[in-house]
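Following: one structure in structure tokens, then a few remarks.
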Protein chains: 4
Amino acid sequence: MAPAANRRERERKRHREEILEAAEAVFAEKGFHRTTVEDVAARAEFSVGTLYNFFSSKEELFTSLIEKRIEQLSTTVTEVLEEVKAPEEAVRVLLRSRINHAFRHQGIISLDLLEYLHDHPLKMRQKMGALREQIQNRLIEFFREGMASGEFRSDLDPFDMTIALESLSHGFLFEWLTNPKKVDLRDKYEVIIRLFFDGVRKR
Amino acid sequence: MAPAANRRERERKRHREEILEAAEAVFAEKGFHRTTVEDVAARAEFSVGTLYNFFSSKEELFTSLIEKRIEQLSTTVTEVLEEVKAPEEAVRVLLRSRINHAFRHQGIISLDLLEYLHDHPLKMRQKMGALREQIQNRLIEFFREGMASGEFRSDLDPFDMTIALESLSHGFLFEWLTNPKKVDLRDKYEVIIRLFFDGVRKR
Amino acid sequence: MAPAANRRERERKRHREEILEAAEAVFAEKGFHRTTVEDVAARAEFSVGTLYNFFSSKEELFTSLIEKRIEQLSTTVTEVLEEVKAPEEAVRVLLRSRINHAFRHQGIISLDLLEYLHDHPLKMRQKMGALREQIQNRLIEFFREGMASGEFRSDLDPFDMTIALESLSHGFLFEWLTNPKKVDLRDKYEVIIRLFFDGVRKR
Amino acid sequence: MAPAANRRERERKRHREEILEAAEAVFAEKGFHRTTVEDVAARAEFSVGTLYNFFSSKEELFTSLIEKRIEQLSTTVTEVLEEVKAPEEAVRVLLRSRINHAFRHQGIISLDLLEYLHDHPLKMRQKMGALREQIQNRLIEFFREGMASGEFRSDLDPFDMTIALESLSHGFLFEWLTNPKKVDLRDKYEVIIRLFFDGVRKR
DNA sequence: TATGAATGAGGATTCATTCAT
DNA sequence: CATGAATGAATCCTCATTCAT
């Protein structure tokens, strides 16, 4: 392969990245439906035609973007959970990962939450669902373990526990997205941990 | 007033209701953007023109619908909280109201959660925000009381506690909406209560 | 015929008049296209349905209105021209009639001028054209007479003279309609007469 | 700049012209309200979408068209009046310009006259008004001069004289537009001049 | 590949007209 | 006759997508 071919390939990849970043910014700001392909093209400083050289449709552009973010989160989460042994530790590192991911991709996170049910093509729902399930299953193992060891109470369903953990992190995330000045998300890490493990009642 | 005028008025009100119900069903199914006015008209068994005799735009139709549901929830919640004295009791009745409301208006609830951030006219966000804040403030009072009486732990911020409670109920709601067959929401009432008050750790 | 039948008929006629007057006001204010049938109905304090009991369409309502005004003008003009003998006198009384008519029906006059070419159904154009032609022909006779008697110059075409007279009266009318405060139309009577008969050049 | 960019730019300009010309033809034929955007698109042999790439609304298309014609007339009139010294000469060249302009843009001229009062956005009325006032003021100067030199009679208001001149040219224009076969506008130049300067009375 | 003008199906909205009461 | 809710054809406008250069 000629060196020029390599450079061309690298450039192509870089342009693709630039488009995805522009898309993330605009979609996050305006939502999928209110965003026009031209909006994204303008932000990316390319023409619409060029966008269509990289993505076959607006839908695919959006999908590619979300999938990429899911994969990134997936990779990170898998990695961190891999090295963990204790249940409580698992909850902590998972939460940390999520919060960090949210910080890096604030914008798109909201879409991820908000337009999830309605507007996604089936394929993507499956992909998001798969990651979610993967995390849930891993957590369920940990929760079972924790129950067995007497660390966690046994009158709760492990699946419900995953829902609860997810809910709490989403809830504070959402609050932060809606009102970024009022809340500092990183301060909430400890709050979520305390609430999840011990509840609000005085012991 | 002639009797005919009365009947006409009653009919008009009924037709308005029918349109709102049709709108609720279709918006819930397809989301705001994917729903056409003709979709709603067809479901309501009216012509598009008739819809515009009741609502000045698609936007207003949607807004009216959401506002109506918010007001219903607001009324209920206000009523039940009125009679409550103890903090723990407050949490319980609030949760009950929410779950019941969700059952009655399953469809639109999802929009309420999902499209909240994007696409809504400011006025509506304010209306939704007002109800939320009202509930939060009432809860904060209860939580302060509970802390004073030693019932609740004092190292949590009352506002954060409201976020946590809201998150948990939204999370399970969401799960139920996404997967109504798998989960029975009414069973989750006790789960949420337990989690919120006592957390997952064994005592 | 029962007396009641008479009253009914009188009422019907009165209602028709009321609708026409409302129509004149609204059409004059907003123009034909921007006026809705409901606008007229509201101004007349009737329902739309009632309007359709009197006029078979919006078009016909408009047409009836214009025709009525044309007939009024026609009657007046015919009357005044009937009694006139001298050419110069004819011009004077014609002008007077026009200006008076314009005063009474200021609003609709503008439509009469402005939407003449484009929006009228053929029948109406013919009707308006007929009146115009009738006046023109009468004037042409007078002008011919005036030329024969040496009162008017002979190097002008009598038809052109009618156009000129009409133009001058329309022009000042238009100015008055556009800017009613600045110009008092009745003051312009003498100006038009002087211009038409003697032009601007000093003798 | 690449040569291609230049050609593209030229083409774009040409297409814009073509659309304006099509619009002139259709608006002139049917009037603003009866003309649909699709009518114009069809006449221009473009799709509706393309029209909207050039003009943001039907209204703006119309406005742009009228403004363009006004500017053309304005330029011409300003130029010809610049070089004139004598009052009578001023009237002659002004009239010539108007008649020539009318010949070139027959169609739209009628709108210019007929739909002037109603339906126009304020901005346009001001633009048209500005040109008119500019011409009027220039003429008023000439008329004052002519009065001072004893060329014109002094018992007429200069402003009224401008109205009269305008009326006469509009009147014959109008007649020609309504009935182009019967009248040759260019023949009327002399008629208008004679009427305006000397009136119909024999001296 | 990059460009951006052209396309046209799709959707929101209006309003003259009808008709059951 | 009077009413006014219901109708739906007509029309403006948007924007994802294509394609010639």
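In what follows, chains carry the letters A, B, and so on, assigned in the order in which the sequence lines appear, proteins first and then strands, with residues in each chain numbered from 1.
Rounded to whole angstrom, the span from the CG atom of Asn6(D) across to the C1' atom of dG4(E) amounts to 16 Å. The nearest whole Å value for the distance from the CD atom in Glu45(A) to the P atom in dA2(E) is 14 Å. Leu51(B) places its CG atom 14 Å from the C1' atom of dG11(E), with the value rounded to the nearest Å. What separates CD of Glu59(B) from C1' of dG11(E) is a distance of 15 Å, to the nearest Å. Separating the CD atom of Glu9(A) from the C1' atom of dT1(E) is a distance of 15 Å, rounded to the nearest angstrom. Computed from coordinates, the Arg12(D) CZ to dG4(E) C1' distance equals 9 Å when rounded to whole Å. Glu38(A) has its CD atom 9 Å from the P atom of dA5(E), to the nearest Å. Taking atom CZ of residue Phe55(D) and atom P of nucleotide dA5(E), one finds them 14 Å apart after rounding to whole Å.
For Arg7(D) and dT21(F), the shortest distance from a side-chain N or O to OP1 or OP2 is not below 4.0 Å. When the side-chain nitrogen and oxygen atoms of His15(B) are compared with OP1 and OP2 of dA6(F), one or more of them lie within a distance under 4.0 Å. Within the structure, every side-chain polar atom (N or O) of His33(B) is placed at least 4.0 Å from both OP1 and OP2 of dG11(E). Side-chain nitrogen and oxygen atoms of Ser47(A) include at least one within less than 4.0 Å of the OP1 or OP2 phosphate oxygen of dT3(E). Side-chain N/O atoms of Arg8(D) include none lying less than 4.0 angstrom from OP1 or OP2 on dA5(E).
A salt bridge links Glu11(C) to Arg14(C): at least one charged side-chain nitrogen sits closer than 4.0 Å to a carboxylate oxygen. Between Glu24(D) and Lys68(D) there is no salt bridge, since no side-chain N of the basic residue sits under 4.0 Å from a carboxylate O of the acidic one.
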Tabulated below should be each protein N or O lying under 3.5 Å from an N or O of nucleotides 9-11 of chain F; please produce it.
none

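Two residues are said to be in side-chain contact when any heavy atoms from C-beta on lie closer than 4.5 Å; Thr63(C) and Phe55(C) fail this criterion. Annotation: side chain of His33(A) is in contact with side chain of Arg34(B) (closest heavy-atom distance under 4.5 Å). Within the 4.5 Å cutoff, side-chain heavy atoms of Gln72(A) are placed close to those of Arg69(A).
Lys58(C) forms a cation-pi arrangement with Phe32(C), by the criterion of a distance under 6.0 Å to the ring centre and an angle within 45° of the ring axis.
Checking dT14(E), dT17(E), dC13(F) against every side-chain atom of Ser57(D), the shortest atom distance belongs to dC13(F). Residue Phe54(C) has its side chain nearest to dA2(F) when only dA12(E), dA2(F), dA5(E) are considered. Listed nucleotides dA2(E), dC12(F), dA6(F) differ in distance to Tyr52(D); the shortest reach to its side chain belongs to dC12(F).
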| note | Output field dot_bracket for DNA chain F (Watson-Crick or G-U, both distances under 3.5 Å, | for other-strand pairs) contains .||||||||||||||||||||
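Residue-to-nucleotide contacts include no donor-acceptor pair under 3.5 Å from the side chain of Asn53(B) to the base of dA5(F).
The aromatic rings of His15(D) and Phe54(D) stand perpendicular to each other, their planes meeting at an angle above 60°, with 30° marking the opposite boundary.
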Review item, side-chain donor-acceptor pairs of residues 45-52 of chain D, under 3.5 Å, at least two apart:
{"from": "Ser47(D)", "atom 1": "OG", "to": "Thr50(D)", "atom 2": "N", "distance (Å)": "3.4"}
{"from": "Ser47(D)", "atom 1": "OG", "to": "Thr50(D)", "atom 2": "OG1", "distance (Å)": "3.2"}

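Across Leu65(B), Ile66(B), Asp39(B), a single residue satisfies side chain to side chain contact (heavy atoms under 4.5 Å, CB included) together with Phe27(B), and that is Leu65(B).
For Glu38(D), the CD atom sits in a loose shell: 12 or fewer heavy atoms of surrounding residues, nucleotides or ligands are nearer than 6.0 Å.
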